[in-house]
Amino acid sequence: MRIIFMGTPDFAVPVLESLITKHTVIAVYTQPPRPAGKGYHLTPSPVHQKAESLGIPVYTPKSLKNEEEQKKFAALNADAAVVCAYGLILPPAVLNAPQKGCINIHASLLPRWRGAAPVQRAVEAGDSESGVTIMQMDIGLDTGDMLLKKSCPITPETTGESLHDALSVLGAELILKALEENPQPQPQPAQGVTYAEKIQKDESLLDWNCSADQLAHKIMAFYSYPATFSFYHGERVKILKAHATPLSTDQAPGTILDSNLHIACGNGTVLQIDFLQRAGKKALSTADFMQSAFLKIGEKFCATN
RNA sequence: CGCGGGGUAGAGCAGUCCGGUAGCUUGCCAGGCUCAUAACCUGGAGGUCGUGAGGUUCAAAUCCCACCCCCGCAA
């Protein structure tokens, strides 16, 4: 089939790679290059870079709301458009242009976690499974009829990053299957709808009054990006990985209980930090980190500097 | 030219301002002791101090120059 691919971040790259093995990708739509990285240089998106290296024409409109872009899109005369974490809203004129419409790869088991950050929200909520849904796009936010679905377990070791990578691969497989098998579209259930809000910057700051379970979920969900953090003697420390323990304590939340970095949390629960990083330093395991005398037992992490 | 921190033993760091024997903690090896709450004692191995037959100097981890790499913020 002649396919237009629309995607932007790393997550979408395996999907593009997968598509070109069975189909003709006639154009790639992606977000315009943005300033990024230490030098603040304009950086093309991961999908942009991959498409260029594959010699596929790349389009980077700021919006698809104007008629001119919509005509350009329609003129490509595609059989279908595959959309994966593109980052722009598709107006009806675009949704209806390809013969088979626009097909979306969404990183959750819909209708749970519609929206921007389904991967992190699933881990943060402590879900025991996540997955990928292939759906026929309609005007709503991730409300289209479902074509295929496949689940993937979430364990205490699952991070936002590891789930992201797993679902990315899963999505790349499923989209081929969907295009090949033409499954019957099924409406999403009305029950069980939740929305995955975009991750806000201030969410990364840990509140030690939460339970160890909640904190562990959030810490793992936010790894490796944007990563959670706390303050210790005014210095910013990223808490990268942790797990809840069955222990309990009467120490104040945030207190460092021992050299294994057991930390007192809300309601006397205890969290163990496994992986952390000082500002400007490398990320270290707890064992390595504690070789320096930086953190002292009995002192505490704070939510402010 | 967005702002900033860093590269010294396997790991984590001090030393750099103010040049003068390469230090600390931990890990590792050997021996001792016989121990809970990071066990302890003694001994030992282990380093081109990111790179440059660079510059300055009697002397450079330290001062100057160029380059490479890692990371925090911000996006």
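Letters A, B, ... mirror the listed sequences (proteins, then strands); counts begin at 1.
Which of rA38(B), rA11(B), rC70(B) sits closest to the side chain of Ile297(A) comes down to rA38(B). Nearest nucleotide to the Lys201(A) side chain, out of rA38(B), rA11(B), rA74(B): rA74(B).
Following rounding to the nearest Å, Tyr40(A) (OH) and rA75(B) (P) show an atom-to-atom distance of 6 Å. When rounded to the nearest whole Å, the span between CG of Leu284(A) and P of rC70(B) equals 16 Å. Computed from coordinates, the Leu276(A) CG to rA11(B) C1' distance equals 14 Å when rounded to whole Å. Between the CZ atom of Phe294(A) and the C1' atom of rA14(B) there is a distance of 15 Å, rounded to whole Å. Taking atom CG on Leu42(A) and atom C1' on rC1(B), their separation rounds to 14 Å, with Å as the unit. Between the CD atom of Glu235(A) and the P atom of rC73(B) there is a distance of 12 Å, rounded to whole Å. The nearest whole Å value for the distance from the CE atom in Met290(A) to the P atom in rA38(B) is 11 Å. Rounded to whole angstrom, the span from the CD atom of Gln277(A) across to the P atom of rG12(B) amounts to 12 Å.
rA9(B) and rC33(B) are spaced 35 Å apart, taking the P atom of each and rounding to whole Å. A gap of 9 Å separates the C1' atoms of rU57(B) and rG19(B), to the nearest Å. Rounded to whole Å, the C1' atom of rG55(B) lies 12 Å from the corresponding atom of rA60(B). Separation of the P atoms belonging to rG15(B) and rC3(B) is 26 Å when rounded to the nearest angstrom. When the C1' atom is compared between rC73(B) and rC64(B), the two are found 30 Å apart, to the nearest whole Å. rG32(B) sits 23 Å from rG46(B) when the C1' atoms are compared, rounded to a whole Å. For the P atoms, the distance from rC28(B) to rA11(B) is 14 Å, rounded to whole Å. Comparing rA75(B) with rG23(B), their C1' atoms sit 41 Å apart, to the nearest whole Å.
When each of His41(A) and Pro226(A) is assigned the nucleotide of RNA chain B bearing its nearest heavy atom, the one mapping closer to the 5' terminus is His41(A). Sequence order on RNA chain B of the closest nucleotides to Arg34(A) and Ala287(A) puts Ala287(A) first from the 5' end.
Side-chain contacts under 4.5 Å among hydrophobic residues (ILVMFWY), followed directly or transitively, place Met135(A) together with Leu110(A), Met146(A). Residue Tyr59(A) belongs to a hydrophobic cluster whose other members are Ile4(A), Met6(A), Ile26(A), Tyr29(A), Leu64(A), Phe73(A), Leu76(A), Val83(A), Tyr86(A), Leu88(A), Leu90(A), Val94(A), Leu95(A), Met137(A), Ile139(A), with links defined by side-chain heavy atoms closer than 4.5 Å.
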Could you go through nucleotides 24-27 of chain B and list every protein N or O atom that sits under 3.5 Å from one of its N or O atoms, giving the distance for each pair?
residue, atom, partner, partner atom, Å
rU26(B), O2', Gln291(A), OE1, 3.1
rU26(B), O2', Gln291(A), NE2, 3.4

Table of protein N/O atoms under 3.5 Å from nucleotides 3-8 of chain B N/O atoms:
residue, atom, partner, partner atom, Å
rG5(B), N2, Gly280(A), O, 3.1

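With a cut-off of 3.5 Å on both pairing distances, rC35(B) has no Watson-Crick or G-U wobble partner at all. Across all strands shown, rC65(B) is found opposite rG52(B) as a Watson-Crick or G-U wobble partner, with both distances under 3.5 Å. Using the Watson-Crick or G-U wobble rule with both distances under 3.5 Å, rG2(B) pairs with rC73(B). Look at rU42(B): its Watson-Crick or wobble partner, with both distances under 3.5 angstrom, is rA30(B). With both pairing distances under 3.5 Å, rU21(B) is matched to nothing as a Watson-Crick or G-U wobble pair.
Residues Leu109(A) and Leu174(A) do not share a hydrophobic cluster, defined by chaining ILVMFWY side chains whose heavy atoms lie under 4.5 Å apart.
Arg236(A) comes within 4.0 angstrom of the backbone, heavy atoms only, and of no base. Contacts of Tyr225(A) with the nucleic acid, taken as non-hydrogen atoms under 4.0 Å apart, include base atoms.
Aromatic ring centres of Phe275(A) and Phe289(A) lie farther apart than the 6.0 Å criterion allows.
Contacts of Lys65(A) classified as side chain to side chain contact (heavy atoms under 4.5 Å, CB included), with partners at least two apart in sequence or in another chain: Ser63(A). Scanning for salt bridge (charged side-chain N to carboxylate O under 4.0 Å, His left out) contacts around Lys218(A) gives an empty result, with sequence neighbours left out.
The environment of Ile89(A) atom CD1 is sparse: at most 12 non-hydrogen atoms of other residues, nucleotides or ligands sit within 6.0 angstrom.
At a cut-off of 3.5 Å, with distance as the only test, no side-chain donor of Asp142(A) or Trp113(A) sits close to an acceptor on the other residue. Counting only N and O atoms by type, the side chains of Gln272(A) and His243(A) include a donor and acceptor under 3.5 Å apart.
Separating the CG atom in Leu19(A) from the CG atom in Leu179(A) is a distance of 6.5 Å, to the nearest 0.5 Å.
Figure legend: cation-pi geometry between Lys241(A) and Tyr223(A), with NZ or CZ positioned under 6.0 Å from the six-membered ring centre and within 45° of its axis.
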